[in-house]
Protein chains: 4
Amino acid sequence: MYIRIRPDSETPIYTQLIYQIKKGILRKELLPGEGLPSVRSLAGDIGINMHTVNKAYKLLVEEGVLTQQKKGFIVNSDTKLEIQPPHLLLYKERLEALVIDTQIFGMSEEMVEQMKQEIEATLKKDDEK
Amino acid sequence: MYIRIRPDSETPIYTQLIYQIKKGILRKELLPGEGLPSVRSLAGDIGINMHTVNKAYKLLVEEGVLTQQKKGFIVNSDTKLEIQPPHLLLYKERLEALVIDTQIFGMSEEMVEQMKQEIEATLKKDDEK
Amino acid sequence: MYIRIRPDSETPIYTQLIYQIKKGILRKELLPGEGLPSVRSLAGDIGINMHTVNKAYKLLVEEGVLTQQKKGFIVNSDTKLEIQPPHLLLYKERLEALVIDTQIFGMSEEMVEQMKQEIEATLKKDDEK
Amino acid sequence: MYIRIRPDSETPIYTQLIYQIKKGILRKELLPGEGLPSVRSLAGDIGINMHTVNKAYKLLVEEGVLTQQKKGFIVNSDTKLEIQPPHLLLYKERLEALVIDTQIFGMSEEMVEQMKQEIEATLKKDDEK
DNA sequence: GTGGTCTAGACCACA
DNA sequence: GTGGTCTAGACCACG
């Protein structure tokens with residue numbers, strides 16, 4: 001699994017990492033129950049701070065995406081992941097902001113739909129593409 | 001126009017303000033060419049600092065939503081607002097994050113569509129509802 | 001003589017007025033010794049505040065472009081206008097800023113020269129064009 | 001790199017700072033990719049407020065002269081900097097004002113040319129002088 | 001240690 | 001009365 005971090009993006013590195021990992025799971029490059037690289041090794045590999053990796057992992061546990069075990073972090077193998085109320089609220093806020101910007105900038109449904117499909121294509125397992 | 005700020009939210013006050021104003025425009029509570037309250041009066045009304053309001057206004061100008069005149073800030077009356085490339089990039093990033101979370105948490109298209117419509121309903125002029 | 005004021009420009013109105021008057025003199029639409037419209041009438045004509053016109057006139061007197069007489073303001077009829085040391089300093093600062101920006105943005109001498117000539121063309125008496 | 005601020009000048013401190021930094025870049029005292037002093041340290045060094053430095057830096061980012069990274073502000077290393085339309089407009093206005101004053105005060109081409117060359121000399125790397 | 005956010009409050013320029 | 005500039009100082013997010 002490839003992790004691509006843009007250090008100079010205005011998105012915090014830990015946030016980028018969170019989405020790269022989620023992407024890996026959706027693309028089935030990370031399977032349920034599979035272990036993630038150790039905090040130290042991943043930090044070393046992609047050249048970022050250990051604390052940053054740790055923060056991303058912890059937040060993913062908090063979201064229920066990962067679970068933490070003695071030996072390290074693994075992908076949660078629960079069949080059905082339920083979004084927790086506080087995260088659902090945040091999700092709604094982000095959706096609202098996006099809808100507002102869509103309307104304020106007069107973007108058409110088609111334009112947004114197309115962008116969405118382009119994104120979804122990148123989330124498919126390579127085999128399926 | 002009512003502005004509701006949650007001081008304890010994680011989202012910065014100026015960001016909340018930006019979306020409250022955009023909402024006001026979409027709901028036609030603020031019309032093109034109409035003047036906004038002065039930075040100091042709005043700050044006083046909602047109990048925040050002048051500079052925070054000023055920052056929100058300035059950013060809205062930068063997005064093209066407002067324009068600034070000698071007498072103060074007014075709603076841009078350009079018929080068609082075009083999203084600028086740097087903002088479009090951010091928009092896409094936010095869309096991608098949302099799509100990823102939608103899939104990771106196994107939310108159905110219907111559920112998302114329903115949330116979206118609830119949001120859109122709040123963006124309609126009261127007359128039209 | 002036509003005075004064109006853009007109320008929403010970020011250049012202060014009194015500054016715009018100063019340059020419009022200087023332009024009128026260079027284009028010989030205002031001749032040495034000729035009287036300017038009264039503060040009140042000009043303010044009324046172009047729809048701006050009386051104090052603003054007065055400020056422009058006063059500053060032009062201070063620069064030696066106009067002189068003030070009992071009956072009102074007239075164009076200075078001195079054959080040779082000498083820039084005063086304090087204004088020369090300001091002039092140099094503005095020139096420096098312009099040279100710096102020219103270089104920092106990599107604008108060619110030709111481009112600047114062309115802009116300059118376009119400007120100079122607008123400062124010629126209509127007969128001479 | 002030396003920064004000289006005149007607190008009593010009419011030009012705002014942040015504007016002075018902007019030109020001092022541009023000068024430093026033209027004189028190659030600040031190289032592309034090089035980091036600038038942190039807002040707080042520079043503010044401390046030249047005895048002004050942090051927010052004033054921050055404003056100057058932000059505006060330079062907006063002009064494309066600097067870029068902002070997680071670790072701080074650095075000199076943009078793009079080979080060719082393009083002036084943006086809104087700034088070009090301002091540039092033209094400033095050029096026009098300068099041309100008008102040159103003519104109104106009867107300054108000769110030679111005098112202006114000499115001032116220009118004196119300025120340009122101060123923008124050269126010390127080695128080249 | 002870096003910038004980001006927010007506050008409180010002062011003085012000034014402009015119209 | 002409007003925004004612009006500047007200051008002093010606090011707490012936080014990020015890495």
Side-chain angles (χ1 to χ4, degrees), chain A residues 5 7-17 43 46-56 59, chain B residues 5 7-17 35-44 46-59 61 66 68-74, chain C residues 5 7-17 43 46-56 59, chain D residues 5 7-17 35-44 46-59 61 66 68-74:
Chain A
I5 297 293
D8 301 337
S9 159
E10 57 185 59
T11 324
I13 293 177
Y14 77 85
T15 306
Q16 296 182 45
L17 190 47
I46 58 184
I48 64 177
N49 194 297
M50 225 181 65
H51 300 323
T52 310
V53 177
N54 196 257
K55 178 166 188 174
L59 286 169
Chain B
I5 297 293
D8 299 334
S9 162
E10 293 186 356
T11 31
I13 296 177
Y14 73 89
T15 306
Q16 296 181 44
L17 191 46
L36 278 92
S38 80
V39 285
R40 280 167 173 82
S41 71
L42 181 53
I46 60 183
I48 63 173
N49 190 278
M50 179 200 97
H51 294 113
T52 308
V53 177
N54 192 262
K55 178 164 189 174
Y57 280 10
K58 287 284 191 191
L59 286 169
V61 169
L66 303 184
Q68 185 165 11
Q69 299 193 342
K70 292 239 152 48
K71 52 168 202 131
F73 294 85
I74 64 166
Chain C
I5 297 292
D8 301 338
S9 158
E10 60 185 59
T11 325
I13 293 176
Y14 77 85
T15 306
Q16 296 182 46
L17 190 48
I46 57 184
I48 64 176
N49 194 297
M50 227 181 63
H51 300 322
T52 309
V53 177
N54 196 258
K55 177 165 188 175
L59 285 170
Chain D
I5 297 294
D8 298 334
S9 162
E10 294 187 356
T11 32
I13 296 178
Y14 74 90
T15 306
Q16 297 181 44
L17 192 46
L36 277 93
S38 81
V39 285
R40 282 166 171 83
S41 72
L42 181 54
I46 60 185
I48 63 175
N49 190 279
M50 179 201 96
H51 294 114
T52 309
V53 177
N54 193 261
K55 178 164 188 174
Y57 280 9
K58 286 284 192 191
L59 286 169
V61 168
L66 302 185
Q68 185 166 11
Q69 301 194 339
K70 292 239 152 53
K71 51 170 203 130
F73 295 84
I74 65 167

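Predicted model, so just to flag it, every value in this text is computed and none were measured. In the text below, chain A, chain B and the rest are named by the order of the sequence lines, each starting its count at 1.
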Original post:
Does D:His51 get its side chain close enough to the base of E:dG3, under 3.5 Å, for a donor-acceptor pair?
Top reply: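 Not at all, since no donor on one side and acceptor on the other fall under 3.5 Å apart.
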Original post:
Below 3.5 Å, does any donor atom in the side chain of B:Arg40 face an acceptor in the base of F:dG1, or the other way round?
Top reply: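 Checked by distance alone, the answer is no.
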Given [N], is OP1 or OP2 found less than 4.0 Å from the side-chain N or O atoms of [X]?
| X | N | answer |
| --- | --- | --- |
| D:Gln68 | E:dG4 | yes |
| B:Tyr14 | E:dT5 | yes |
| A:Lys55 | F:dG15 | no |

Original post:
DNA chain E: D:Tyr57 or C:Pro7, which has the more 5' nearest nucleotide?
Top reply: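 Final value for this comparison: D:Tyr57.
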Original post:
Considering heavy-atom distances to DNA chain E, does D:Phe73 or C:Thr11 have its closest nucleotide positioned more toward the 5' end?
Top reply: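 In this pair, the answer is D:Phe73.
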**OP:** Would you mind pulling out the nucleotide paired to E:dT2, Watson-Crick or G-U wobble, both distances under 3.5 Å?
**Re:**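 Answer to the pairing question: F:dA13, which forms a Watson-Crick or G-U pair with E:dT2.
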Of the listed nucleotides ([options]), which one gets closest to any side-chain atom of [X]?
| X | options | value |
| --- | --- | --- |
| A:Asn49 | E:dT7, F:dG15, E:dG3 | F:dG15 |
| D:Ser38 | E:dA15, F:dA8, E:dG3 | E:dG3 |
| D:Thr52 | F:dG4, F:dT7, F:dG9 | F:dT7 |
| D:Asn54 | F:dT7, F:dG3, E:dG4 | E:dG4 |
| D:Lys70 | E:dG4, F:dG15, E:dA15 | F:dG15 |
| C:Ile13 | F:dG15, E:dC6, E:dA15 | E:dA15 |
| B:Lys58 | F:dG4, E:dT5, F:dT5 | F:dG4 |

Whole angstroms only, please: what is the [atom1]-[atom2] distance between [X] and [N]?
| X | N | atom1 | atom2 | result |
| --- | --- | --- | --- | --- |
| A:Gln16 | F:dA13 | CD | P | 19 Å |
| D:Ile74 | E:dT2 | CD1 | P | 16 Å |
| C:Ile46 | E:dA15 | CD1 | P | 11 Å |
| C:Ile5 | E:dC14 | CD1 | P | 14 Å |
| B:Gln69 | E:dA15 | CD | P | 13 Å |
| D:Leu42 | E:dG1 | CG | P | 17 Å |
| D:Asp8 | F:dT5 | CG | C1' | 14 Å |

[X] side chain vs [Y] backbone, donor-acceptor pair below 3.5 Å:
| X | Y | answer |
| --- | --- | --- |
| B:Lys71 | C:Asp8 | no |
| D:Gln16 | D:Thr11 | yes |
| B:Lys70 | C:Ser9 | yes |

Subject >> Sole candidate of D:Leu42, D:Val53, D:Val61 that passes side-chain contact (heavy atoms from CB on, under 4.5 Å) when paired with D:Phe73 >> reply: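 Between D:Phe73 and the candidates, side-chain contact (heavy atoms from CB on, under 4.5 Å) is satisfied uniquely by D:Val61.
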Original post:
Just wondering, do B:Tyr57 and B:Ser38 contact through their side chains at under 4.5 Å, heavy atoms?
Top reply: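 Counting from C-beta outward, B:Ser38 and B:Tyr57 never come under 4.5 Å.
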Original post:
Below 4.5 Å, heavy atoms only, C-beta onward: do D:Ile46 and D:Ile13 meet side chain to side chain?
Top reply: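 Sidechains of D:Ile13 and D:Ile46: no contact.
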Original post:
So what does D:Met50 touch, heavy atoms closer than 4.0 Å: a base, only the sugar-phosphate, or nothing?
Top reply: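 It contacts base atoms.
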Original post:
So what does C:Ile48 touch, heavy atoms closer than 4.0 Å: a base, only the sugar-phosphate, or nothing?
Top reply: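 No contact at all - C:Ile48 keeps every heavy atom at 4.0 Å or more from the nucleic acid.
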